[in-house]
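A quick note: this is a predicted structure, and the numbers were derived from the prediction, not measured.
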Amino acid sequence: MAKINPIEALRAQLTKHKVDAFVVPSADEFQGEYLPAAARRLEFLTGFSGSNGIAIVHKTKAAFFTDGRYTLQAETQVPKTYEKYNMAQKSAATWAKELNKAVIGFDPKLFTLRQLAAWEKQGIKLKPVPNLVDAIWQHRPAYPADKAFAYPLKYAGESSDAKIKRVLKNLAADALFIAAPDSVCWLLNIRGNDIPHTPFLNATALLHKTGKITLFVDAKKIPKGLLGKNVTIASSSGVKGTVQIDPAQTSVWWTAQFKKTVEATDPIQAMKARKNDTEANGIRAAHVRDGAALSSFLCWLDTHWQSQEITEVSAAEKLKTFRAAQPLFKDLSFGTIAGMGSNGAIVHYHATAKTAKKLKHGLFLLDSGGQYWDGTTDVTRTIALGAPTDEQKEDFTRVLKGHIALGSAVFPKGVTGSELDALARMPLWHVHKDYDHGTGHGVGCYLSVHEGPQSISRRANNVALEPGMVISNEPGFYKAGEYGIRIENLVLVEAVHTKFLRFETLTMAPIDRRLIDKDLLNSDEINWLDNYHMRVLNTLVPLVDKKTAIWLKKMCAKI
């Protein structure tokens with residue numbers, strides 16, 4: 001069978017379904033950021049492999065939208081057939097409105113109530129239709145058939161029954177619809193292999209006020225004895241009373257299955273974000289092992305980058321071998337971002353055999369993480385290969401100053417990440433520079449490396465930071481066509497006073513001293529860095545080989 005032109009094949013479907021255009025979001029039926037191959041519809045249509053994008057194909061034109069992390073990537077991956085926009089400057093809904101009262105087809109399983117409302121508010125005429133991409137997708141991959149598995153209590157720290165009781169305590173409706181797979185997995189203390197690097201079982205559920213649960217999933221994926229007697233697997237809701245739904249997570253299709261609904265935020269998201277003591281201790285331990293693996297790799301890299309050919313791809317593969325040797329390692333937490341020079345300026349760049357650069361003199365940005373039974377890690381280090389320029393050192397040091405300012409912040413209870421975001425940007429703002437991505441995202445416990453509801457970003461977020469939340473601290477700077485800089489540690493929110501909070505830095509890995517302009521740091525910043533490096537040194541030296549220990553002592557020396 002001849003290879004089809006996706007955009008032209010899709011246009012043929014428009015006429016068949018009597019619509020003027022069709023909208024294709026990056027999310028799947030579970031509103032996921034990370035997807036199984038069978039759900040990567042946007043990538044099939046446009047070639048875009050990033051985690052956030054949306055395309056609209058009209059009879060005569062087409063447009064693609066993404067955020068600031070992916071604008072450079074979209075330029076290289078998305079065909080010229082598409083007009084391309086940063087969604088911060090122009091949204092897909094705004095573009096659709098300009099189509100002169102066109103009827104826009106959409107898959108109701110891929111749109112949440114809130115998303116639909118935003119489009120309807122623009123006066124756009126939307127028509128639910130079967131997914132038109134699925135209709136043209138030849139050789140579409142099969143969905144994963146792996147079975148779900150238990151997440152042991154020794155790592156979860158709380159039984160499923162206890163979690164259910166906590167959720168039911170404040171449930172006013174007859175049932176709670178749980179749309180997010182990570183909420184389902186957390187509540188039932190189960191995990192799965194439905195998504196690369198993210199241990200989700202893709203499932204939704206109804207938690208009834210009686211404590212019984214209806215789980216919507218392929219029954220073949222559930223081993224005998226995995227679930228408690230209170231859980232029943234079904235294909236339809238069968239609920240007659242009021243169902244509480246989260247409009248930001250529940251699809252239009254699912255909403256139509258319930259006769260009476262009440263809207264409220266998924267309560268499990270906030271509960272899951274506040275790690276209990278067992279989870280917090282596990283995450284700390286995972287970061288120590290992960291730091292030993294990363295430091296061993298960085299030592300190896302320092303020793304070998306000039307004497308042997310190393311590419312972005314082979315560097316990522318080598319780093320994985322160091323992580324895989326650690327106890328309790330399960331997988332990477334996402335595909336490693338290894339960007340040499342100009343590739344590092346592409347915020348969420350992923351090297352392929354075609355694009356991978358050889359490591360050479362310049363800046364190497366390495367964003368990576370691991371999934372361990374007891375925790376999820378995410379760390380970025382920017383590495384100087386050879387002597388850096390003065391400009392590179394100044395940019396790096398300003399990013400570091402922002403990282404330290406946020407990492408050492410003490411703030412009142414009730415403060416949100418949005419209110420702290422400027423701390424990380426101020427040193428760059430002083431010289432009229434910035435970065436076009438969030439400063440921090442929540443991280444799960446052997447769940448998703450990106451989870452809410454907390455974040456640190458210029459984007460408004462009314463979720464207050466609370467003790468037990470894990471979040472990233474990752475300011476950066478990107479000089480298009482030349483280099484990228486990012487410094488990322490994960491931090492744990494903890495109480496420092498009855499009314500104030502602070503961050504405990506979890507990540508254990510040295511920050512490249514060779515890129516630091518000491519004259520730009522004040523005494524408090526120098527003390528923070530020296531104390532951090534002393535902690536890294538004392539923690540990791542007993543866990544690494546002699547060569548890495550010597551390298552750590554050099555990298556963690558006082559500034």
Side-chain angles (χ1 to χ4, degrees), residues 17 19 21-36 38-42 45 51-56 65 91-93 96 104-122 124-135 137 143 173 175-187 192 194-195 198 200-207 213-218 233-239 242-269 448 450-453:
H17 291 275
V19 292
F22 185 69
V23 57
V24 184
S26 51
D28 65 356
E29 294 88 335
F30 301 95
Q31 298 304 311
E33 176 183 9
Y34 300 111
L35 311 174
R40 301 188 67 87
R41 298 177 176 91
L42 186 64
L45 182 67
S51 63
N52 186 26
I54 188 167
I56 304 176
F65 308 81
S91 71
I104 312 293
F106 77 103
D107 182 345
K109 290 185 177 181
L110 305 189
F111 267 71
T112 66
L113 282 180
R114 186 162 293 171
Q115 290 167 341
L116 189 71
W119 284 62
E120 290 177 335
K121 190 176 181 180
Q122 296 259 31
I124 299 166
K125 188 173 181 181
L126 293 164
K127 179 181 177 181
V129 295
N131 196 292
L132 305 189
V133 174
D134 294 355
W137 194 346
Y143 277 97
L176 170 68
F177 179 65
I178 308 170
D182 57 336
S183 289
V184 173
C185 290
W186 180 87
L187 186 68
D194 286 350
I195 302 173
T198 306
F200 285 2
L201 170 70
N202 266 345
T204 55
L206 269 171
L207 171 59
I213 293 175
T214 305
L215 185 66
F216 306 107
V217 69
D218 181 353
I233 298 172
S235 56
S236 59
S237 68
V239 64
T242 302
V243 178
Q244 178 178 314
I245 61 171
D246 186 334
Q249 297 181 340
T250 307
S251 72
V252 175
W253 184 89
W254 263 115
T255 304
Q257 310 307 305
F258 309 125
K259 292 182 179 179
K260 187 177 180 181
T261 60
V262 58
E263 296 181 4
T265 301
D266 174 9
I268 297 173
Q269 293 290 304
S448 179
H450 288 167
E451 76 167 25

Quick one: pull up [atom1] in [X] and [atom2] in [Y] and give me the separation to the nearest 0.5 Å.
X      : Y      : atom1 : atom2 : result
Ile104 : Gln122 : CD1   : CD    : 11.5 Å
Thr255 : Glu263 : OG1   : CD    : 7.5 Å
Ile124 : Leu116 : CD1   : CG    : 10.0 Å
Ile213 : Ile233 : CD1   : CD1   : 12.0 Å
Arg40  : Trp137 : CZ    : CH2   : 8.5 Å
Trp119 : Leu126 : CH2   : CG    : 7.0 Å

Can you see which heavy atom on [X] is nearest to which on [Y], and at what distance?
X      : Y      : value
Asp28  : Pro36  : OD2-CD, 4.1 Å
Ile56  : Ala21  : CG2-CB, 4.0 Å
Pro108 : Ser251 : O-CB, 3.6 Å
Asn202 : Val217 : O-CG2, 4.0 Å
Pro181 : Phe200 : CB-CD2, 4.0 Å
Ala205 : Leu215 : CB-CD1, 4.0 Å

Problem set entry | Option passing ring pair (Phe, Tyr, Trp, His ring centres under 6.0 Å) with Phe111 (candidates Trp253, Trp254, Phe106) |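 The single option meeting the ring pair (Phe, Tyr, Trp, His ring centres under 6.0 Å) with Phe111 is Phe106.
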Problem set entry | Gln31 (side chain) donor-acceptor with Leu110 (main chain) under 3.5 angstrom |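 At least one qualifying donor-acceptor pair exists.
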For this session: Kindly say whether Asn131 contributes a backbone atom to a donor-acceptor pair with the side chain of Lys109 at under 3.5 angstrom?
Result: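 No: the side chain of Lys109 does not pair with the backbone of Asn131.
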[Y] and [X], any side-chain heavy atoms less than 4.5 Å apart:
X      : Y      : answer
Arg41  : Asp134 : yes
Gln244 : Pro267 : yes
Ile178 : Leu207 : yes
Asp194 : Tyr143 : no

Exercise. Do Phe30 and Val184 pass the side-chain contact (heavy atoms from CB on, under 4.5 Å) test, and can you show the C-alpha distance, the side-chain angles, and the key distance before you say yes or no?
Worked result: CA-CA 11 Å; Phe30 301 95; Val184 173; over 6 Å; no
For this session: Answer with yes or no whether the side chains of Asp266 and Ser183 bring together a donor and an acceptor at under 3.5 Å.
Result: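 Result is yes, a qualifying pair exists.
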For this session: Count the heavy atoms of every other residue, nucleotide or ligand shown that sit under 6.0 Å from NZ of Lys127, and state whether that count exceeds 12.
Result: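 Buried by this count: over 12 neighbours within 6.0 Å.
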Exercise. side-chain contact (heavy atoms from CB on, under 4.5 Å) between Asp107 and Glu29: does it pass, once the steps are laid out?
Worked result: CA-CA 9 Å; Asp107 182 345; Glu29 294 88 335; 5.5 Å; no
